[in-house]
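Down below is the structure, laid out as structure tokens.
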Amino acid sequence: MGNPSSDGDDYVEVVLSLVERIPWGRATTYGDLAEVVRERTGTGGPRQVGRVLSMHGGGVPWWRVVRADGRLPAHNEDAARQNHLAEGTAMLGPERVDLRTAGWDPHDSDSPNRP
DNA sequence: ACCTTGACCTTGG
DNA sequence: CCCAAGGCCAAGG
């Protein structure tokens, strides 16, 4: 049943809950995340995911969400880099996550993937 | 209702 | 690899 409080809050909750599930040392993209969120809430896109993280990302590992090409978030690249370094995330360059290895698909949030 | 902005994506040169 | 253009979705002025 729906929580009639507000759809906007629901959207935010869905995004944050998914971001919290991204495993240590892995990463996913705004686009893939938005795709799953859209299936659950019926709305939103990559930019909306970015908006949510910019406003409410303080309590979740936001640095594990990167752009489609693996580049770090466009406003906190420095902090993101430090976190990935600490997590030992597979990187291609100093500013790019290796999604081929560290990529995590929010669709398969139940099982491990991409060894 | 129109226009601008933004933690985006994809394609083409 | 770098750059530009068009598309996309919602919020705020």
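- Separating the CG atom of A:D32 from the P atom of B:dC9 is a distance of 9 Å, rounded to the nearest angstrom.
- Applying the side chain to side chain donor-acceptor pair (under 3.5 Å) test to every pair with at least one member in residues 47-60 of chain A, sequence neighbours left out, gives no pairs at all.
- One distance of note links NE2 of A:H84 with CD of A:E95; it measures 11.5 Å at 0.5 Å rounding.
- Comparing the C1' positions of C:dC8 and B:dG6 gives an interatomic distance of 12 Å, to the nearest angstrom.
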How would DNA chain C look in dot-bracket form, 5' to 3', counting Watson-Crick and G-U wobble pairs with both distances under 3.5 Å and writing | for bases paired to another strand?
.||||||.|||||

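- Distance, A:L16 CG to B:dA7 P: 16 Å, rounded to whole Å.
- The two residues A:A102 and A:T89 come nearest to each other via the heavy atoms CB-CG2, 3.9 Å.
- Atom-to-atom distance recorded for A:W63:CH2 and A:D78:CG is 13.5 Å, nearest 0.5 angstrom.
- Rounding to whole angstrom units, CZ of residue A:R38 and C1' of B:dC8 are separated by 14 Å.
- The distance between atom CG of A:N76 and atom P of B:dC8, rounded to the nearest whole Å, is 11 Å.
- Of all non-hydrogen atoms in A:T43 and A:Y11, the two that sit nearest each other are O-CE1, 3.2 Å.
- Within the model, atoms CZ of A:R26 and CD of A:E87 stand 11.5 Å from one another, a figure rounded to the nearest 0.5 Å.
- Using a 4.0 Å cutoff on non-hydrogen atoms, the parts of residues 42-56 of chain A near DNA chain B are A:P46, A:R47, A:Q48, A:G50, A:L53, A:S54, ordered by number.
- A:Y11 places its OH atom 8 Å from the P atom of C:dA10, with the value rounded to the nearest Å.
- The CG atom of A:L72 sits 13.5 Å away from atom CZ of A:R64, with the distance rounded to the nearest 0.5 Å.
- Atom-to-atom distance recorded for A:W104:CH2 and A:I22:CD1 is 6.0 Å, nearest 0.5 angstrom.
- Taking every heavy atom of residues 78-85 of chain A and every atom of DNA chain B, no pair lies under 4.0 Å.
- Going from atom CZ of A:R38 over to atom CG of A:L33 covers 14.0 Å, rounded to the nearest 0.5 Å.
- Comparing C:dG7 with B:dA7, their P atoms are spaced 22 Å from each other, to the whole Å.
- Not counting sequence neighbours, A:S17 has no partner by the side-chain contact (heavy atoms from CB on, under 4.5 Å) test.
- As a whole-Å value, the separation of A:Y30 OH from C:dC9 P is 19 Å.
- With distances taken from any side-chain atom of A:R96 to the nucleotides B:dC9, C:dC1, B:dA7, the minimum falls on C:dC1.
- Between the CG atom of A:D9 and the P atom of C:dA11 there is a distance of 11 Å, given to the nearest Å.
- Evaluation of the side chain to side chain donor-acceptor pair (under 3.5 Å) rule for A:D69 yields no partner, not counting sequence neighbours.
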